[in-house]
2 protein chains.
Amino acid sequence: MTSQTELNQYPSEHNHNQCVNVALSTAQSLCNQRGVLLTTIRYQVLSLIWESHKAVKAYELLDRLRPLQAAAKPATIYRALDFLIEQGLIHRVESLNAFVGCRCSDQQHEQLLFICKLCEQVDERPATDVMTALLDESKQAGFLVHSKAIEIHGICANCSTKVGTT
Amino acid sequence: MTSQTELNQYPSEHNHNQCVNVALSTAQSLCNQRGVLLTTIRYQVLSLIWESHKAVKAYELLDRLRPLQAAAKPATIYRALDFLIEQGLIHRVESLNAFVGCRCSDQQHEQLLFICKLCEQVDERPATDVMTALLDESKQAGFLVHSKAIEIHGICANCSTKVGTT
DNA sequence: GTTCTGATGTAATAATATAACAATTACCTA
DNA sequence: TAGGTAATTGTTATATTATTACATCAGAAC
Ligand SMILES: [Zn+2]
Ligand SMILES: [Zn+2]
Ligand SMILES: [Zn+2]
Ligand SMILES: [Zn+2]
């Protein structure tokens with residue numbers, strides 16, 4: 001029996017209910033603090049995104065929202081996504097045109113995304129050394145940074161283990 | 001009179017004909033070396049992309065190609081873009097759904113893109129320190145990197161100078 | 001209750017990208 | 001030079017992603 005701490009960050013066996021609970025309750029308190037509304041639709045979309053650690057497409061979310069909100073249209077989804085991004089509760093994965101839950105919405109986040117081609121899971125990391133190097137590079141270039149998209153595609157630790165042991 | 005070397009990398013006054021000539025002749029020789037065809041359409045699309053250092057949208061390229069290729073359709077453009085990307089002659093800017101010429105197609109390039117919100121120009125940099133830090137981070141995460149998209153949005157040196165002195 | 005604001009409903013359309021198959025061209029070899 | 005093969009392009013249709021505009025609704029402020 002492997003202990004939780006010995007496992008990778010997102011082993012298939014991990015307790016995902018906990019991920020979801022933390023994400024949703026953090027979202028709720030952040031919205032309360034900020035005086036913005038985590039409406040039913042927004043909450044449902046956030047929940048749908050959190051069904052896995054994969055990046056989800058907008059129209060896939062729409063399909064999955066419709067059973068809950070019969071009137072849902074593209075605008076419904078995109079509005080909810082815009083709100084969730086503004087509040088830092090999700091990230092847009094630019095290179096996939098997809099969306100993934102943020103695991104550190106209550107922290108500073110200058111994140112880097114590792115995106116696995118096999119399991120499609122997205123792993124968000126602070127990567128402070130990378131960010132520091134990036135800050136230096138920006139200064140050297142005289143470039144004033146507003147936002148960053150750092151998206152690394154490849155094979156995650158879990159999947160390469162599986163491939164290796166097969 | 002400011003000398004060329006004192007100026008920023010892409011001052012508005014720079015000799016862009018030289019950028020274009022270098023890019024197109026490099027492209028031609030790389031394709032020759034590799035035994036792939038830089039056909040008329042591909043060459044024309046590459047030339048259109050190199051009309052500036054801005055990232056260009058596919059359908060904008062299509063509009064600009066049509067006077068030269070009356071039969072041009074979306075597939076025409078996307079095929080040419082696919083070819084140019086495969087050959088490392090252009091980059092896709094994921095966060096803009098747009099395309100920009102590569103200034104170092106003959107080198108190793110693990111590039112980082114600085115994208116200016118004001119002048120829209122894209123500046124490609126090797127940023128070796130960033131790449132090293134990224135390599136470390138990937139190793140720590142046990143992540144096997146296939147490709148990267150590192151896109152930094154903000155205000156470039158030229159534009160912030162202009163804003164500053166206005 | 002009225003007014004204001006933010007959220008949602010609804011319809012249409014814009015913008016980005018791909019698939020499938022036919023026709024043509026380039027290139028190799030007999 | 002003819003014939004065969006693979007790569008390129010033509011052509012049509014369609015899929016996917018995203019936005020705009022305007023109407024309606026619900027809750028807070030007055
Ligand atoms: Zn989880
Ligand atoms: Zn994986
Ligand atoms: Zn130039
Ligand atoms: Zn600029």
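So that the names make sense, note that chain A is the first sequence line, chain B the second, and so on, each numbered from 1.
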A.B. asks: If the plane angle is over 60° it's perpendicular, under 30° parallel, otherwise tilted; pick one for B/Tyr78 and B/Tyr59.
C.D. replies: perpendicular
A.B. asks: A/Leu24, A/Leu65: one ILVMFWY side-chain cluster at the under-4.5 Å cut-off?
C.D. replies: yes
A.B. asks: Would you check if A/Val56 and A/Arg64 make a side-chain contact, meaning some heavy-atom pair closer than 4.5 Å?
C.D. replies: yes
A.B. asks: Going by the rule side-chain hydrogen bond (donor to acceptor under 3.5 Å, both in side chains), which residues pair with B/Lys54 if we only count those two or more places apart in sequence or in a different chain?
C.D. replies: none
A.B. asks: In whole angstrom, give the distance that lies between atom CD of B/Glu60 and atom C1' of C/dT16.
C.D. replies: 14 Å
A.B. asks: Using only heavy-atom distances, decide whether a donor-acceptor pair under 3.5 angstrom links the side-chain of B/Tyr59 to the base of C/dA17.
C.D. replies: yes
A.B. asks: More than 12 foreign heavy atoms under 6.0 Å from NZ of B/Lys139: is that the case here?
C.D. replies: no
A.B. asks: Test side-chain contact (heavy atoms from CB on, under 4.5 Å) on A/Phe114 and B/Ser138 and set out the steps.
C.D. replies: CA-CA 8 Å; A/Phe114 283 117; B/Ser138 306; 3.6 Å; yes
A.B. asks: Kindly calculate the angle separating the two end axes of the helix from C/dG1-D/dC30 to C/dA30-D/dT1, each obtained from five base pairs, and round it to 10 degrees.
C.D. replies: 20°
A.B. asks: If I take atom CG in residue A/Asp82 and atom C1' in nucleotide C/dA7, what distance separates them, rounded to the nearest angstrom?
C.D. replies: 13 Å
A.B. asks: Does anything in residues 86-98 of chain A reach DNA chain D, meaning a heavy atom under 4.0 Å, and if so which residues?
C.D. replies: A/Arg92, A/Asn97
A.B. asks: Mark yes or no for whether B/His16, through its side chain, and B/Trp50, through its backbone, hold a donor-acceptor pair below 3.5 Å.
C.D. replies: yes
A.B. asks: Would you tell me if any nitrogen or oxygen in the side chain of B/Lys57 comes within less than 4.0 Å of OP1 or OP2 on C/dA15?
C.D. replies: no
A.B. asks: Side-chain donor-acceptor pairs under 3.5 Å in residues 69-76 of chain A, sequence neighbours left out?
C.D. replies:
residue	atom	partner	partner atom	Å
A/Gln69	NE2	A/Gln44	OE1	2.9
A/Lys73	NZ	A/Ala71	O	3.3
A/Thr76	OG1	A/Lys73	N	2.8
A/Thr76	OG1	A/Lys73	O	3.1

A.B. asks: Show the atom names and distances, to 0.1 Å, of all donor-acceptor pairs under 3.5 Å that link a side chain in residues 86-100 of chain B to residues at least two apart or in another chain.
C.D. replies:
residue	atom	partner	partner atom	Å
B/Gln87	OE1	B/Arg34	NH1	3.0
B/His91	NE2	B/Glu124	OE2	2.8
B/Arg92	NE	B/Glu94	OE1	3.0
B/Arg92	NH2	B/Asn97	OD1	2.8
B/Ser95	OG	B/Glu151	OE1	2.4
B/Ser95	OG	B/His153	NE2	2.8

A.B. asks: Measure all distances between protein nitrogen or oxygen atoms and nitrogen or oxygen atoms of nucleotides 4-11 of chain D, and list the pairs falling under 3.5 Å.
C.D. replies:
residue	atom	partner	partner atom	Å
D/dT8	OP1	B/Arg42	NH1	3.1
D/dT8	O5'	B/Arg42	NH2	3.4
D/dT9	OP1	B/Thr39	OG1	2.6
D/dG10	N7	B/Arg79	NH1	2.9
D/dG10	O6	B/Arg79	NH2	2.5

A.B. asks: Can you tell me the distance, in whole Å, between the CG atom of B/Leu62 and the P atom of C/dT16?
C.D. replies: 11 Å
A.B. asks: Answer yes if A/Leu68 and A/Val20 sit in the same cluster of Ile, Leu, Val, Met, Phe, Trp and Tyr residues linked by side chain heavy atoms under 4.5 Å apart, and no otherwise.
C.D. replies: yes
A.B. asks: Are B/Gln28 and B/Asn32 linked by a side-chain donor-acceptor pair shorter than 3.5 Å?
C.D. replies: yes
A.B. asks: Please give, in whole Å, the distance from C/dC27 C1' to B/Asn32 CG?
C.D. replies: 16 Å
A.B. asks: Look at A/Tyr78 and D/dA18 and indicate whether a side-chain polar atom (N or O) is within less than 4.0 Å of OP1 or OP2.
C.D. replies: yes
A.B. asks: Report the distance from atom CG of B/Asp63 to atom C1' of C/dA14, rounded to the nearest whole Å.
C.D. replies: 13 Å
A.B. asks: Given atom CG of A/Leu84 and atom C1' of C/dA7, what is their separation to the nearest angstrom?
C.D. replies: 14 Å
